[in-house]
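What follows is a set of notes on a single structure, which appears directly below.
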Amino acid sequence: EVQLVESGGGLVQAGGSLRLSCETSGFTFDDYAIGWFRQAPGKEREGVSCTSRRDTDTYYADSVKGRFTISSDNAKNTVFLQMNSLKPEDTAVYYCAARSAGYYYRTYRTSNEYDYWGQGTQVTVSS
């Protein structure tokens, strides 16, 4: 059974940092692409960052480029999202998602390309 469990969310002041973790199980980590998405109240879910299988490629939304960093610990089957210089507009529920990448080393940037989702972790940035 595929499972994705996010953690690391919380309340932080503007300018602060948080590190989100997505612990995965139930699949061969090296064969899957992982993405981070977020959804603020009243807004659609949006892509934040994603990584291809084996971290050969990464993607960042323009709104987080230069502030967020995606990384993986293959030994722990875990993907991280380091978030620095946080802004109030980063407030949202953050989700990680996974999908089999087949033979492809590419990123998947839209939510409908993913098959498995975690339950989300709340990030609140106060001004």
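Residue numbers run from 1 in the order of the sequence given. Remember, predicted model here, so these are calculated numbers, not experimental data.
Once rounded to the nearest 0.5 Å, the distance linking OG of Ser49 with CZ of Phe80 reads 14.0 Å. To the nearest 0.5 Å, the span separating CG on Leu81 from OG1 on Thr121 amounts to 11.0 Å. With values rounded to the nearest 0.5 angstrom, Ser111 atom OG is found 6.5 Å from Arg45 atom CZ.
Across Thr56 and Ser52, no two heavy atoms sit closer than the pair OG1-OG, 2.8 Å. When all heavy atoms of Lys43 and Gln39 are compared, the pair lying nearest together is O-NE2, 3.1 Å. Minimum interatomic distance between Tyr32 and Ala98 (heavy atoms only, all atoms of both residues): CD2-CB, 4.0 Å. Across Cys50 and Thr107, no two heavy atoms sit closer than the pair SG-CB, 3.5 Å. For the pair Ala33 and Ala101, the tightest heavy-atom approach, listed with the atom from each and the gap, is N-CB, 4.2 Å. In this structure, Val2 and Gly26 approach most closely via the heavy-atom pair CG2-O, 3.8 Å.
Within the structure, the salt bridge (charged side-chain N to carboxylate O under 4.0 Å, His left out) test picks out the following pairs touching residues 8-36 (sequence neighbours left out): Asp31-Arg53.
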Worked verdict on Tyr60 versus Thr58 for side chain to side chain contact (heavy atoms under 4.5 Å, CB included): CA-CA 7 Å; Tyr60 296 94; Thr58 57; 3.9 Å; yes

Pair Val79, Trp36 - check side chain to side chain contact (heavy atoms under 4.5 Å, CB included), show working. CA-CA 9 Å; Val79 178; Trp36 283 99; 3.7 Å; yes

Run the side chain to side chain contact (heavy atoms under 4.5 Å, CB included) check on Thr91 and Gln122 step by step: do they pass? CA-CA 8 Å; Thr91 295; Gln122 176 71 47; 4.1 Å; yes

Would you sort out whether Val123 and Leu18 count as a side chain to side chain contact (heavy atoms under 4.5 Å, CB included), showing the intermediate values? CA-CA 9 Å; Val123 171; Leu18 285 173; 3.9 Å; yes

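Under 3.5 Å, the side chains of Arg38 and Tyr94 contain a donor-acceptor pair of N or O atoms. Checking Ser72 against Asp55 by side-chain atom types alone, a donor-acceptor pair falls below 3.5 Å. Asn84 and Ser17 share a donor-acceptor pair across their side chains, judged by distance under 3.5 Å alone.
Within the 3.5 Å criterion, the main-chain N or O of Ile70 finds no donor-acceptor partner in the side chain of Gln82. Distance alone, capped at 3.5 Å, places no donor-acceptor pair between the Ser63 side chain and the Ala61 backbone.
Arg67 is linked by a salt bridge (Lys or Arg N to Asp or Glu O under 4.0 Å) to Asp90, counting only residues two or more places apart in sequence or in another chain.
In this pair, Trp117 and Phe37 present their aromatic rings tilted. The plane angle is within the 30 to 60° band. Between Phe27 and Phe29, the ring-plane angle classifies as parallel under the 30° and 60° cut-offs.
No chain of hydrophobic side-chain contacts below 4.5 Å, direct or via other Ile, Leu, Val, Met, Phe, Trp or Tyr residues, connects Tyr108 to Ile34.
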